[in-house]
S.K.: 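Could you have a look at this structure, given as structure tokens, before my questions?
Computed from a predicted model, the values in this text were never measured in an experiment. For ligands, and for the atoms within them, numbers begin at 1 and follow the listed sequence. Note that the numbering runs from 1 along the sequence shown for the chain.
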Amino acid sequence: MIDRGVSIAFEPLVGRLQTLLEQAGASPFTAEVIARNCAGCERDGASSHGVFRLHGYLDSLRSGTVDGAAEPVLERVGPSFLRVDAANGFAQPALRHAQPVVDGMLAETGIAVVAIKDSHHFSALWPDLEPFAVAGFVGLTMVVGGTRVVRPRGAAEPVFGTNPIAFATPVRGASPIVFDLATSSMSHGDLQLARNASREVPPGTGTDRDGRDTTDPGEILAARGLLPFGGHKGAALSFMVEVLAAGLTGGAFSYEAELEQGAARTRRTGQLLVLIDPDRGGGGFAARIEQLVAFLRESGMTRLPADHRYRNRAQAERDGIPMTDAIAEIFADASLSSDA
Ligand code: NDP
């Protein structure tokens, strides 16, 4: 029985999301992968990529922008190098489809480079990486964010997406440490939330149409004037994401994606994953990271990346996922179930 009053359990939420995604045209496989991703973000408190995103998924499927029944094509082009053509589907099911080959490459060579192209990804990246770190692998991934909303200093127009990067490492005796961040000063979603709440953003977040610094999120959105985080250093990382997640994979660069697809809710781009078995030719990696992490915590770094999510997850597993308007809507709104 679903308690719609204060909280909801994980599996019923997955089930409802899966049903709605299937009704919008996703295959059962794709619907389950995306539903688990979406519900997992909600459970971990990463709500900007949780149920809030459902309308984006449904619109993308119904409009045909994304093929919810895409059949990814795998090509192992080297002992440790897999190319995946997502065939205009979501990146996450393409990765799941490739999982047996990735597992095989890691078992045989200790390394897997996975280059996904012609894919759509507008979720958090940690759900893609965390399972590999739980299994003992170090992982790095990046996605071309699509829409050009980042204008580094000196650029006359926006040139990059918000281009996120995530990294995960096993830690002996603890959950993996995973960081997952946009290379822009602020994520585009957070900027929209600030605009909706009429809240100023910190100086250095972005610029207006004339390239002048502003703390008005509405002006930054209108100008697509987000700055990279860390000035030229963030711009360099964002450039790297374009090179690796689009140039190397064969997916579209941010500027090409926009030209191709006009006002589409998602963009066909690409994702790169690099996975490494850290104990090849050595051993004790996770134990060494445990020592490093202990040193950092003793130094006063009491919050490390993913701590916050794990705390939210533990609480949700105990008490259920807190009910929000967005969750209540997907159980209450019959129009979501229509094909209209
Ligand atoms: P945040 O700045 O909120 O967090 C970045 C990372 O830093 C997280 O791993 C977070 O861990 C950690 N962190 C945050 N605060 C602290 C702190 N005080 N001390 C230690 N660690 C901390 O993320 P962003 O706003 O940059 O990005 C949000 C999400 O948006 C990401 O999941 C990203 O993948 C996603 N995104 C996706 C895009 C796409 O195209 N698919 C495009 C752009 C962004 P924790 O999780 O535990 O808080």
S.K.: Do NZ/NE/NH1/NH2 and the carboxylate oxygens of D213 and R153 come within less than 4.0 Å?
M.R.: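 Between R153 and D213 there is a salt bridge, with a charged N closer than 4.0 Å to a carboxylate O.
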S.K.: Determine whether the side chains of N37 and S123 contain a donor N or O and an acceptor N or O closer than 3.5 Å.
M.R.: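 Result is yes, a qualifying pair exists.
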S.K.: Take every heavy atom of H49, measure it against each atom of ligand 1, and state whether any distance is under 4.0 Å.
M.R.: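 Contact present.
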S.K.: Identify the closest protein heavy atom to atom 38 (C) of ligand 1: which residue and atom is it, and at what distance?
M.R.: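 Answer for atom 38 (C) of ligand 1: P164 CG, 3.4 Å.
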S.K.: Which residue supplies the protein heavy atom nearest to atom 37 (C) of ligand 1, what is that atom called, and how far is it?
M.R.: S123 O, 3.3 Å
S.K.: Protein heavy atoms near atom 1 (P) of ligand 1, is at least one of them under 4.0 angstrom away?
M.R.: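 Neighbour list for atom 1 (P) of ligand 1 is empty of protein heavy atoms (cut-off 4.0 Å).
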S.K.: With a cut-off of 4.0 Å, which atoms of ligand 1 are near a heavy atom of L125?
M.R.: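 The list of qualifying atoms is 34 (O).
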S.K.: Number the atoms of ligand 1 from 1 as they appear, then name those within less than 4.0 Å of a heavy atom of T162, with their elements.
M.R.: 42 (C), 43 (C)
S.K.: Does V178 approach ligand 1 within less than 4.0 angstrom via side chain, backbone, both or neither, non-hydrogen atoms only?
M.R.: backbone
S.K.: Please determine whether the number of non-hydrogen atoms from other residues, nucleotides or ligands lying under 6.0 Å from atom CD of E317 exceeds 12.
M.R.: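 Yes - once you tally the heavy atoms of other residues, nucleotides and ligands closer than 6.0 Å, there are more than 12.
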S.K.: Please state which option from S184, A306, G161 has its nearest heavy atom closest to atom 47 (O) of ligand 1.
M.R.: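 The nearest heavy atom belongs to A306.
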S.K.: Can a protein heavy atom be found under 4.0 Å away from atom 11 (O) of ligand 1?
M.R.: yes
S.K.: What's the separation between atom CD in Q18 and atom CD1 in I34, rounded to the nearest 0.5 Å?
M.R.: 11.0 Å
S.K.: Just to be sure I'm reading this right: ignoring hydrogens, which of R311, R309, R303, R53 gets closest to atom 48 (O) of ligand 1? Compare them by their nearest heavy atoms.
M.R.: R303
S.K.: Check this for me - ligand 1, N163, N or O atoms closer than 3.5 angstrom, yes or no?
M.R.: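 In this structure, N163 places no N or O atom under 3.5 Å from an N or O of ligand 1.
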S.K.: Salt-bridged, R297 to D307, with N to O below 4.0 Å?
M.R.: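 Yes.
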S.K.: Using 0.5 Å steps for rounding, measure from the CG atom of L248 to the CE atom of M240.
M.R.: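 The distance works out to 11.5 Å.
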S.K.: Tell me the closest heavy-atom pair linking A235 and P228, and the distance in Å.
M.R.: N-CB, 3.5 Å
S.K.: Surrounding CG of N196 (heavy atoms of other residues, nucleotides or ligands, distance under 6.0 Å), is the total greater than 12?
M.R.: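 Atom CG in N196 is packed in, count exceeds 12.
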S.K.: Can you confirm, on distance only, whether ligand 1 has an N/O atom lying under 3.5 Å from any N/O atom belonging to A182?
M.R.: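 For ligand 1, there is an N or O atom that lies under 3.5 Å from one belonging to A182.
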S.K.: Of the choices I177, V143, D180, I165, which has the non-hydrogen atom that lies closest to atom 23 (O) of ligand 1?
M.R.: D180
S.K.: Heavy atoms only, cut-off 4.0 Å: how does S48 contact ligand 1, side chain, backbone, both, or neither?
M.R.: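 Neither part.
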S.K.: Between the main-chain N or O of R43 and the side-chain N or O of N312, is there a donor-acceptor pair closer than 3.5 Å?
M.R.: no
S.K.: Against heavy atoms of L181, which atoms of ligand 1 measure under 4.0 Å?
M.R.: 5 (C), 26 (O)
S.K.: Determine whether L275 and L95 fall in the same hydrophobic cluster, where Ile, Leu, Val, Met, Phe, Trp and Tyr are linked whenever their side-chain heavy atoms lie under 4.5 Å apart.
M.R.: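 L275 clusters together with L95.
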S.K.: Please tell me if atom 41 (N) of ligand 1 is touched by the protein, where touching means a protein heavy-atom distance below 4.0 Å.
M.R.: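 Looking at atom 41 (N) of ligand 1, one finds that a protein heavy atom does lie closer than 4.0 Å.
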S.K.: State whether any protein heavy atom lies less than 4.0 Å from atom 5 (C) of ligand 1.
M.R.: yes
S.K.: Could you tell me which atoms of ligand 1, counted from 1 in the order shown, lie closer than 4.0 angstrom to a heavy atom of H121?
M.R.: 39 (C), 40 (O), 41 (N)
S.K.: In this structure, which one of T269, L181, V241 forms a side-chain contact (heavy atoms from CB on, under 4.5 Å) with N163?
M.R.: V241
S.K.: N/O of V144 under 3.5 Å from N/O of ligand 1, yes or no?
M.R.: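 V144 vs ligand 1: no N/O contact under 3.5 Å.
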S.K.: Which of the numbered atoms in ligand 1 are below 4.0 angstrom from a heavy atom of F179?
M.R.: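 Those atoms are 9 (O).
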S.K.: Please give me the minimum heavy-atom distance between V159 and P152, naming the atom from each residue.
M.R.: CG2-CD, 3.4 Å
S.K.: Which atoms of ligand 1 are found less than 4.0 Å from any heavy atom of H308?
M.R.: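 Listed by number with element, the hits are 47 (O), 48 (O).
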S.K.: With a cut-off of 4.0 Å, which atoms of ligand 1 are near a heavy atom of A124?
M.R.: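 Result: 32 (O), 34 (O).
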S.K.: Check ligand 1 against G145 and write out every atom of the ligand that is under 4.0 Å from a heavy-atom position of the residue.
M.R.: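 Reading through ligand 1 atom by atom, the close ones are 40 (O).
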S.K.: Between R36 and E11, does any side-chain N to carboxylate O distance fall below 4.0 Å?
M.R.: yes
S.K.: Please list the nearest protein heavy atom to atom 25 (O) of ligand 1 with its residue and the distance rounded to 0.1 Å.
M.R.: S187 CB, 3.7 Å
S.K.: Tell me if a side-chain donor or acceptor on S254 pairs with a main-chain N or O of G161 at a distance below 3.5 Å.
M.R.: yes
